Trainee: 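Just dropping this structure here.
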Amino acid sequence: MGLTGLEIYKHLPKTNCKDCGAPTCLAFAMSLASGKASLDACPHVTEEGKAALESASAPPIKLVKIGTGDYELELGDETELFRHDKRFFHPTGVAVLISDNEDVAAKAAAFEELEFDRVGLHYITDVVAVKCDSGDGAKYKSAVETVAGKTEKAMILICEDPALLEGAVEVVAARKPLLYAATADNYEKMVELAKAKNCPLAVRGKDLEETADLVEKITALDYKELVLDSGARDTSKVLADLTQIRRSAIRKRFRPFGYPTIAFTSKEDPLEEVIQAGVYLSKYASIVVLKASAKEHLLPLLTWRQNLYTDPQKPIAVEPALYEVGEVDENSPVYCTTNFSLTYFIVEGEVENSRIPSYILSVDTGGISVLTAYADNKFNGEIIAKAMKEAGLDEKVNHKKIVIPGHVAVLQGTLEEESGWEVLVGPREAAGIPKFAKETFG
Amino acid sequence: MAVEIQKEKYRSKVGEVVLGATKEQGGSRSHTITVGGETTLPFLHFEGEMPNRPVVALEIVDMVPEWHPCFGQYYDDVFADTAAWAKKCVDEYGADLVQLRLQSADPDLKDSSPEDCAATVKKVLEAVGVPLIVIGCGKGEKDNLVYPVVAEAAAGENLLLGVAEVENYKAITSACMANQHNIIAQSPIDINICKQLNILIAEMSTAMINRIIIDPTIAALGYGIEYTYSIMERARIGALQGDKMLAMPMIGNIGFEAWRTKEANSSTEDAPNWGEQETRAILWEATTAMAYLQSGMDILVMRHPRAAALVKQNIDELMQDNSY
């Protein structure tokens, strides 16, 4: 990644032996540069050549995994500063903090409830952080055990005294918790523990420079499963540090910052925490840790994460189907729209606002909006009539009336011909649906 | 080890727009508010200037709105009195400015006359000292009759008047030109239409270029926020790289959008797995605002007092210097 074909070519044997399947070494180099081939295909590349290419082609931000099984969380391996340049890949882990001084069992049980269904998606709060505030190794170990018994999600163990931490790690090492944190004072012991237990390790300096220093020292001890914390806790400073870490890693390939990041809220009020966490989530944190743990606190934050990490080039679609809004019966109105999720859910919300139980036929347009689909000939009389038949509309309602979006009023004639139904032209914008419904069906 | 701080140098900046006018300036505001002027992306004080903090407006309507019942405890005593409502927003809830929607002009609602609308604007101007944003009812034909009358009645006050769209911008632009007001230029989540509209307004009067606030048409959290977020980031980067037709401050109707969502309105009983309604709704609105602050919004029009307070606090914190 990032290397040109010519740069790669320098490290190849330049014998044009064709063993890799490419006609020349240069052609192979070009394929490597564009990601179409793998270096493994060349049996003759020297170890030095391989090492040089691998280190130069390592991703700018290392992929680090915490947790195991269904709840393994992939962090880092991002390539962009702005989602519009391509996309963000690995959604920020949202972690809820539990102190070993509070009612651990109750809070862990509440944490496990922080899963949500909205717009056909399932959101989970994916990390639980257990913090040693008691200064008591046995108490901390038992807190970690309790949490581990309540949830299978990824864990962060927060305890900077390696002696206290060791007992707790013992219990959950197999689940690959993130150990927090190695600092200037304890890093040697922390690295030893992380290495022995094969757990990823957070590194916290008091500022960017000390953090970079620590990373250098730790990588010199041959440990690279790291997550960075610059030590900042003020909103503005954290935003600046996260931006610097991301920019240095991606633009300058500055190795000490080529790792995922973790940020902590500093607020006590849960609403303020959510907003602060939202800033960090927007600007590059790989994990945010907060104390807030009520459903109404987490849902907005997880929704923003879901939105931010969608692929800007891929429209999000809902299943093309006949949806029911409210207690429908054979007299209920029928609306149709496309299966672009945004369009569909806005229409659904407004139909709901009309307070008249209705059907919505979501027509398969490959997940694109009404006007785009119309322009692309993916939303026309024939296609809508076919979707009506497939959905069995004839048997669902005893009237033969369907509402189409106002923007495609032009489809009225062909759809009437194709379906034999009366076609009503709805409002151009979904916001007009409640009024339209009141006047037409009220 | 030495860490090389990565600083971006942009060649241009966002223009500044002044809202309101004091007595000396020909108006009656107690102070003016300046927005824009950024020379870098939001809150990156370590590499550029953000001379004016983003501001929070609270929205009011000139008729009793059909808002969620949870607003009753804040506004029940003032819903029917637009001027008192404006005053409460400023005095009690700390609004930097107020946005008045002339909803009653809607021919399908009260069909208030342009003169009635102008009288309401005058009353609100008398009640508060902050700069005022005034927007129409959304029915273009009627709004075009209202703009000139309101603009003339408030001449000298340097209002922010909206909204101009590509299909309907001439009447409002003329009204603003004739009476020295600022204008909201709204485009449908589309950078090219945004530029096109700014050019159209500038063609009517080059002086208006420095009086435009861009409304990129925002979506709420969960309903396409990421589209507007990215459009705004791209527009702002374009502005900083020298595109004059994108170099305007940005505004968004956050309260209006957030409170249309199911997540804000569903009762705790109807959606038990989403948690308590009012807190959920406050955070739905405030999280939407938080995201838009990060993509460059300068004027955030909000609805819930607590959400507005959360966002003002977030702005205060983000405005703290973070240079190295």
Side-chain angles (χ1 to χ4, degrees), chain A residues 82-84 113 115-119 207-209 211-213 216 232 234-241 243-244 247-248 251-252 254 256-257 270-272 274-276 278-279 282-283 294-301 303-304 306-310 312 342 345-346 348-350 352-353 431 435, chain B residues 1-6 8 41-46 108 219 221-227 229-231 233-234 237 260-263 265 268 272-284 286-291 293-295 306-307 310-311 313-314 317-324:
Chain A
F82 302 103
R83 64 186 289 282
H84 61 251
E113 295 294 309
E115 300 198 5
F116 305 92
D117 290 297
R118 72 171 287 275
V119 299
D207 54 23
L208 287 178
E209 299 224 336
T211 308
D213 264 340
E216 291 272 274
D234 293 335
T235 316
S236 175
K237 193 67 186 163
V238 176
L239 171 70
D241 283 358
T243 303
Q244 285 301 324
R247 276 190 192 170
S248 306
R251 296 244 179 98
K252 294 288 161 179
F254 182 62
F257 286 167
L271 281 76
E272 293 174 19
V274 169
I275 300 306
Q276 197 183 28
V279 172
S282 309
K283 291 293 169 181
K295 286 175 178 291
E296 60 270 24
H297 301 145
L298 271 300
L299 178 63
L301 190 62
T303 303
W304 174 226
Q306 196 278 331
N307 293 168
L308 185 68
Y309 278 86
T310 52
L342 209 56
F345 286 112
I346 289 170
E348 189 198 69
E350 295 296 349
E352 212 169 81
N353 287 344
K435 184 166 166 273
Chain B
M1 73 181 301
V3 170
E4 187 194 338
I5 298 301
Q6 303 297 315
E8 200 70 51
L41 295 176
F43 311 110
L44 303 186
H45 312 291
F46 60 78
D108 296 327
L221 176 63
Y223 292 85
I225 188 174
E226 69 275 21
Y227 291 82
Y229 181 84
S230 287
I231 288 283
E233 278 196 321
R234 285 172 54 203
I237 290 169
R260 281 173 17 148
T261 64
K262 208 168 167 177
E263 287 75 5
N265 288 295
T268 313
N273 199 38
W274 286 354
E276 194 268 322
Q277 179 268 331
E278 189 175 357
T279 308
R280 182 205 316 135
I282 289 168
L283 279 174
W284 210 262
T287 303
T288 303
M290 172 282 298
L293 277 172
Q294 289 302 322
S295 56
R306 176 83 173 106
L310 280 168
V311 170
Q313 192 190 336
N314 190 231
E317 288 166 19
L318 288 164
M319 284 305 288
Q320 284 170 19
D321 188 19
N322 56 23
S323 21
Y324 291 92

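In what follows, every chain begins at residue 1, and chains take the letters A, B, ... in the order their sequences are listed. On a predicted model such as this, the values are computed, not experimentally measured, just so you know.
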Trainee: Is B/Leu293 close to chain A through its backbone or its side chain, or both, or neither, when contacts mean heavy atoms under 4.5 Å?
Mentor: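 Answer is neither: B/Leu293 stays 4.5 Å or more from chain A.
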Trainee: I want to check something: taking the side chain as every heavy atom from C-beta on, are B/Met290 and A/Gln276 in contact at a cut-off of under 4.5 Å?
Mentor: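 Answer no - side chains too far apart.
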Trainee: Minimum heavy-atom separation for B/Tyr229 and A/Ser282, please, with both atom names.
Mentor: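 So the minimum-distance heavy-atom pair works out to OH-CB, 3.9 Å.
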Trainee: Walk me through it: do B/Leu41 and A/Phe82 pass the test side-chain contact (heavy atoms from CB on, under 4.5 Å)?
Mentor: CA-CA 12 Å; B/Leu41 295 176; A/Phe82 302 103; 3.5 Å; yes
Trainee: Counting C-beta onward and ignoring hydrogens, is there a side-chain heavy-atom pair between B/Asn314 and A/Val279 closer than 4.5 Å?
Mentor: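 Yes; the side chains approach each other to less than 4.5 Å.
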Trainee: With a 4.5 angstrom heavy-atom cut-off, is it the side chain or the backbone of B/Phe46 that approaches chain A, or both, or neither?
Mentor: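 Contact with chain A is through the side chain of B/Phe46 alone.
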Trainee: Grab the two heavy atoms, one from A/Leu239 and one from B/Pro42, that are nearest each other, plus how far apart they are.
Mentor: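 For A/Leu239 versus B/Pro42, the nearest heavy atoms are CD2-O, 4.2 Å.
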Trainee: Pick one of side chain, backbone, both or neither for B/Ser323, based on which atoms fall under 4.5 Å of a heavy atom in chain A.
Mentor: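 Backbone of B/Ser323 only, per the 4.5 Å heavy-atom cut-off to chain A.
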Trainee: Considering only heavy atoms, which portion of B/Asn273 lies under 4.5 Å from any heavy atom of chain A: side chain, backbone, both, or neither?
Mentor: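 Contact with chain A: backbone and side chain both.
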Trainee: Less than 4.5 Å to any heavy atom of chain A: does that hold for the side chain of B/Glu276, its backbone, both, or neither?
Mentor: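 Both parts, heavy atoms under 4.5 Å.
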Trainee: How about B/Glu8 and A/Arg247: do any of their side-chain heavy atoms sit closer than 4.5 Å?
Mentor: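 Result yes, sub-4.5 Å side-chain heavy-atom pair found.
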Trainee: To the nearest 0.5 Å, what is the distance between NZ (A/Lys295) and OG1 (B/Thr268)?
Mentor: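 With rounding to 0.5 Å, NZ (A/Lys295) is 12.5 Å from OG1 (B/Thr268).
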Trainee: Taking the side chain as everything from C-beta on, heavy atoms only, tell me whether A/Leu271 gets closer than 4.5 Å to B/Leu283.
Mentor: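 Sidechains of B/Leu283 and A/Leu271: in contact.
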Trainee: Salt bridge check: are B/Glu233 and A/Lys283 linked by an N-O gap of less than 4.0 Å?
Mentor: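 Looking at A/Lys283 together with B/Glu233, the answer is yes, because their closest N to O distance falls below 4.0 Å.
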Trainee: Can you confirm whether A/Thr303 sits close enough to B/Trp284 that some side-chain heavy atom of one is under 4.5 Å from a side-chain heavy atom of the other?
Mentor: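 Contact flag for A/Thr303/B/Trp284 side chains = yes.
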Trainee: Tell me, for B/Ile237 versus chain A, whether the close heavy atoms (under 4.5 Å) come from the side chain, the backbone, both or neither.
Mentor: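 Looking at B/Ile237, just its side chain touches chain A.
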Trainee: Are B/Glu263 and A/Arg118 within salt-bridge range, i.e. N to O under 4.0 Å?
Mentor: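 Here B/Glu263 pairs with A/Arg118 in a salt bridge, since their nearest N and O are under 4.0 Å apart.
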Trainee: Any non-hydrogen side-chain atom of A/Ser236 less than 4.5 Å from a side-chain atom of B/His45?
Mentor: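 Yes - at least one pair of side-chain heavy atoms lies under 4.5 Å apart.
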Trainee: Go through the steps to decide whether A/Leu298 and B/Trp274 satisfy the test side-chain contact (heavy atoms from CB on, under 4.5 Å), and finish with yes or no.
Mentor: CA-CA 9 Å; A/Leu298 271 300; B/Trp274 286 354; over 6 Å; no
Trainee: Below 4.5 Å from any heavy atom of chain A, which atoms of B/Tyr223 appear? Answer side chain, backbone, both or neither.
Mentor: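 Contact with chain A: backbone and side chain both.
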Trainee: Between the side chain of A/Gln244 and the main-chain N/O of B/Gln6, is any donor-acceptor distance below 3.5 Å?
Mentor: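 Such a contact is found between A/Gln244 side chain and B/Gln6 backbone.
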Trainee: For a 4.5 angstrom cut-off between non-hydrogen side-chain atoms, does A/Trp304 reach B/Thr288?
Mentor: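 Sidechains of B/Thr288 and A/Trp304: no contact.
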Trainee: Answer yes or no: is there a side-chain heavy-atom contact under 4.5 Å between B/Asn322 and A/Asp234?
Mentor: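 Not touching, per the 4.5 Å side-chain cut-off.
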Trainee: Report which part of B/Asp321 has an atom under 4.5 Å of a heavy atom belonging to chain A: side chain, backbone, both, or neither.
Mentor: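 Backbone only.
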Trainee: So, B/Glu4 and A/Arg251, do they make that salt bridge, N to O below 4.0 Å?
Mentor: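 Judged by the 4.0 Å cut-off on N to carboxylate O distance, B/Glu4 and A/Arg251 do not form a salt bridge.
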Trainee: Tell me yes or no: between the side chains of B/Tyr227 and A/Asn307, is some donor less than 3.5 Å from an acceptor?
Mentor: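 Checked: B/Tyr227/A/Asn307 side chains show no N/O donor-acceptor pair below 3.5 Å.
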Trainee: May I have the step-by-step check of side-chain contact (heavy atoms from CB on, under 4.5 Å) for B/Asp108 and A/Lys435, ending in yes or no?
Mentor: CA-CA 10 Å; B/Asp108 296 327; A/Lys435 184 166 166 273; 3.2 Å; yes
Trainee: Do B/Glu317 and A/Thr235 have a side chain donor and acceptor closer than 3.5 Å?
Mentor: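 There is such a pair (donor and acceptor under 3.5 Å, judged by atom type) between the side chains of B/Glu317 and A/Thr235.
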Trainee: Answer with side chain, backbone, both or neither: which region of B/Leu44 has an atom nearer than 4.5 Å to a non-hydrogen atom of chain A?
Mentor: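 It is the side chain, since no backbone atom gets that close.
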